[in-house]
Amino acid sequence: MAQFQTLIVEAPESAPGVTLIRLNRPEALNALNTALLGELAQALAAAQADDSVGCIVLTGSAKAFAAGADIKEMSDKTYAQMFKADFFTAGARAIEQCRKPIIAAVAGYALGGGCELAMMCDFILAADTAKFGQPEINLGVAPGIGGTQRLTRFVGKSKAMDMILTGRMMGAEEAERSGLVSRIFPADSLVDETLAIAAKIAGQSPLAVAMNKELVEAAYETTLTTGVALERRLFHSLFAFEDQKEGMTAFVEKRKPLFKGA
Ligand code: CO8
């Protein structure tokens with residue numbers, strides 16, 4: 001595994017086929033800076049290129065998934081510098097372009113860019129200690145890597161306005177109730193539970209996983225008629241893969257399927 005300054009990347013033995021990426025800037029509650037987002041892009045590209053990886057887990061520490069973009073790095077920037085550097089987009093693009101599922105395992109603070117990073121993942125599992133928020137209003141700015149758009153799609157306009165205009169935090173239970181988070185686990189078992197879920201996904205046909213991911217993503221971008229038509233076409237196309245024959249034959253023969261990604 002490659003060595004990074006701001007991340008710890010592992011292939012846990014307990015979770016075959018899973019890459020675990022831990023944000024690791026404890027001195028700044030995992031605040032997202034240029035170095036971290038560049039390394040995240042590299043780690044995701046490596047996981048994408050590795051056929052033995054079927055699912056990626058992105059997590060932070062017990063205290064913070066990430067407490068936002070790095071305010072100290074940003075505070076003195078000019079408009080021209082922000083525009084020219086296309087600040088922070090490397091990591092965001094790497095997540096958007098990754099065809100393998102990425103699960104965010106969030107404990108502690110997921111604020112500002114941290115909340116936005118979690119929302120860019122395919123789904124969010126939370127510790128009971130998780131706290132989500134878009135507090136940029138308190139800094140005289142606005143979310144800048146998708147918060148106003150994605151939070152509104154997750155939780156609806158009223159709650160998104162409330163969160164973004166007041167900058168308040170939302171606990172794990174409210175986040176689950178609002179559809180931001182899919183499940184909550186006790187903080188000390190969050191990573192293990194997430195790895196078990198990721199390993200289950202990694203054990204499926206990687207072709208079917210990628211197509212399912214693409215289809216759910218399409219639900220955000222298209223009309224219902226177009227999305228359903230796309231689903232039907234991709235469903236048909238799955239019958240071109242050996243994995244479809246294996247999956248259905250294994251069911252009929254009452255055994256576990258062995259998917260080959262072919
Ligand atoms: N950036 C830089 N450093 C941070 C950040 C941050 N976002 N958050 C925490 N830190 C640092 C603190 O400065 C402190 O460092 P030091 O010990 O050197 O003073 C260390 O982490 C520990 O933090 P605290 O002492 O503040 O810890 P507390 O437990 O008292 O408080 C909080 C925890 C409530 C999370 C608090 O740290 C906090 O409010 N942090 C800032 C949260 C925030 O405002 N986040 C939004 C940032 S803006 C953003 O994310 C915009 C994204 C869009 C960018 C798009 C660009 C195109």
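When a ligand or atom number is given, it counts from 1 through the structure's own listing order. Please read these numbers as outputs of a predicted model, since none were measured by experiment.
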Closest candidate by heavy atom, reference atom 42 (C) of ligand 1, pool Gly108, Ala67, Ala28, Ala64: Ala67
Polar atom proximity, Gly144 to ligand 1 (N or O, under 3.5 Å): no
Flag if over 12 foreign heavy atoms under 6.0 Å of CZ, Arg233: no
Element-labelled atoms of ligand 1 that are located less than 4.0 Å from some non-hydrogen atom of Lys63: 27 (O), 28 (P), 29 (O)
Heavy-atom nearest neighbour of atom 12 (C) of ligand 1 within options Gln134, Met82, Arg25, Lys72: Lys72
Under 4.0 Å to a heavy atom of Glu116 - the qualifying atoms of ligand 1, by number: 52 (C), 53 (C)
Thr59 side chain vs Ala105 backbone, donor-acceptor pair below 3.5 Å: yes
Element-labelled atoms of ligand 1 that are located less than 4.0 Å from some non-hydrogen atom of Glu136: 48 (S), 49 (C), 50 (O), 51 (C), 52 (C)
Per-atom contacts of ligand 1 with Leu111, taking only distances under 4.0 Å to non-hydrogen atoms: 35 (C), 42 (C)
Ligand 1 to Pro135 polar contact by distance, N or O atoms, under 3.5 Å: no
Interfacing atoms of ligand 1 (cut-off 4.0 Å, heavy-atom, Asp70): 1 (N), 2 (C)
Ligand 1-proximal atoms of Leu139, by part, heavy-atom distance under 4.0 Å: side chain
Residues in side-chain contact (heavy atoms from CB on, under 4.5 Å) contact with Ala31, at least two apart in sequence or another chain: Arg25, Ala28, Asp70
Atom indices of ligand 1, in the order listed, that fall short of 4.0 Å to a heavy atom of Glu27: 15 (O), 20 (C), 21 (O)
Sequence-distant partners of Arg93, salt bridge (Lys or Arg N to Asp or Glu O under 4.0 Å), two or more places apart: Asp86
Arg255 with Glu246: basic N within carboxylate O range, under 4.0 Å: yes
Asp50 side-chain N/O to Ala46 backbone N/O, donor-acceptor pair under 3.5 Å: no
Ligand 1 contact on Ala69 by region, counting heavy-atom pairs under 4.0 Å: both
More than 12 heavy atoms of other groups within 6.0 Å of Arg168 CZ: yes
Salt-bridge criterion met for Asp122 and Lys213 (N-O under 4.0 Å): yes
